[in-house]
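When a residue number appears, it is its place in the shown sequence, counting from 1.
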Amino acid sequence: QVQLVESGGGLVQAGGSLRLSCAASGRTFSSYTMGWFRQAPGKEREFVAKLNWSGGNTYYADSVKGRFTISRDNAKNTVYLQMISLKTEDTAVYYCTAGDRVVVAVKGSYNYWGQGTQVTVSS
């Protein structure tokens with residue numbers, strides 16, 4: 001089994017920054033795609049960013065492109081989401097996810113999910 005644990009969420013002012021972490025355990029992820037989704041109250045869970053573990057190739061939703069950066073630390077089996085220039089619209093629960101043979105922005109194609117971490121951006 002695989003466990004994904006997010007951390008780093010919190011309350012920040014608009015324009016501020018946060019770094020989310022996702023610690024993976026249970027197996028190695030050298031051939032996996034890692035991703036972040038988010039879900040605001042009353043809304044569908046939406047794609048934010050993804051990373052191919054082995055090569056570090058990244059892809060972002062248009063809404064966060066240029067503001068968010070996904071990265072990984074291979075030695076720690078940890079994926080990060082660096083969030084800058086935060087907007088109130090970024091307020092959501094952020095979920096770390098992982099999978100093999102994923103479709104980039106399709107949440108059902110990812111195999112494993114963390115419990116989520118709350119990000120609240122105040123105006």
**Request:** May I ask you to decide if the ring planes of Phe68 and Tyr94 are parallel, tilted or perpendicular, using 30° and 60° as cut-offs?
**Result:** tilted
**Prompt:** So among Leu20, Val79, Val64, which one has a side-chain contact (heavy atoms from CB on, under 4.5 Å) with Ile70?
**Reply:** Val79
**Fill in**
Taking every heavy atom of Met34 against every heavy atom of Ala98, the minimum-distance pair comes out as SD-CB, 3.4 Å
**Item:** Side chain Asp90, main chain Val119, donor-acceptor under 3.5 Å
**Value:** no
**Prompt:** If you look at every heavy atom in Tyr112 and Tyr32, which pair is closest and at what distance?
**Reply:** CE1-CE2, 3.7 Å
**Asked** Okay, side chain of Glu6, backbone of Cys22: is any donor-acceptor separation there less than 3.5 Å?
**Response** no
**Item:** Of Tyr60, Tyr95, Trp36, the residue whose pairing with Val48 passes side-chain contact (heavy atoms from CB on, under 4.5 Å)
**Value:** Trp36
**Fill in**
Scanning both residues in full, the closest heavy-atom pair of Leu18 with Gly8 reads CD2-O, 3.8 Å
**Item:** Exceeds 12 heavy-atom contacts within 6.0 angstrom, atom NZ of Lys43
**Value:** no
**Heavy-atom pair of closest approach, residues Ser17 and Gln82** = CB-NE2, 4.1 Å
**Prompt:** Is it true that a side-chain atom of Thr33 and a backbone atom of Leu51 form a donor plus acceptor pair closer than 3.5 Å?
**Reply:** no
**Message:** Would Arg19 and Tyr80 count as a cation-pi pair here, with the cationic atom under 6.0 angstrom from the ring centre and within 45° of the axis?
**Reply:** yes
**Message:** Please find the pair of heavy atoms, one from Val106 and one from Ser109, that lie closest to each other, and give the distance.
**Reply:** O-OG, 2.7 Å
**Complete:** d(Arg101 CZ, Asn111 CG) to nearest 0.5 Å is 10.0 Å
**Side chain Tyr110, main chain Val104, donor-acceptor under 3.5 Å** = yes
**Asked** Do Leu81 and Val12 sit in the same hydrophobic cluster, where Ile, Leu, Val, Met, Phe, Trp and Tyr count as joined when their side-chain heavy atoms come under 4.5 Å apart?
**Response** yes
**Item:** Nearest-0.5 Å distance, CZ of residue Phe37 to CH2 of residue Trp113
**Value:** 4.5 Å
**Item:** Flag, side chain of Thr91 to backbone of Val121, donor-acceptor distance under 3.5 Å
**Value:** yes
**Request:** Applying side-chain contact (heavy atoms from CB on, under 4.5 Å), run through Arg38 and Ser63 and close with a yes or a no.
**Result:** CA-CA 12 Å; Arg38 66 186 182 185; Ser63 59; 3.5 Å; yes
**Request:** Check Thr78 against Trp53 and note the closest heavy-atom contact, atom names and distance.
**Result:** N-CH2, 3.6 Å
**Prompt:** About how many Å separate CD of Gln3 and SG of Cys96, when rounded to the nearest 0.5 Å?
**Reply:** 12.0 Å
**Request:** Step through the shown structure and confirm whether more than 12 heavy atoms of other residues, nucleotides or ligands are within 6.0 Å of CD on Gln13.
**Result:** no
**Prompt:** Should Met83 and Arg67 be marked as a side-chain contact (heavy atoms from CB on, under 4.5 Å) after you check the CA-CA gap, both sets of side-chain angles, and the distance that decides it?
**Reply:** CA-CA 6 Å; Met83 311 161 69; Arg67 300 188 298 117; over 6 Å; no
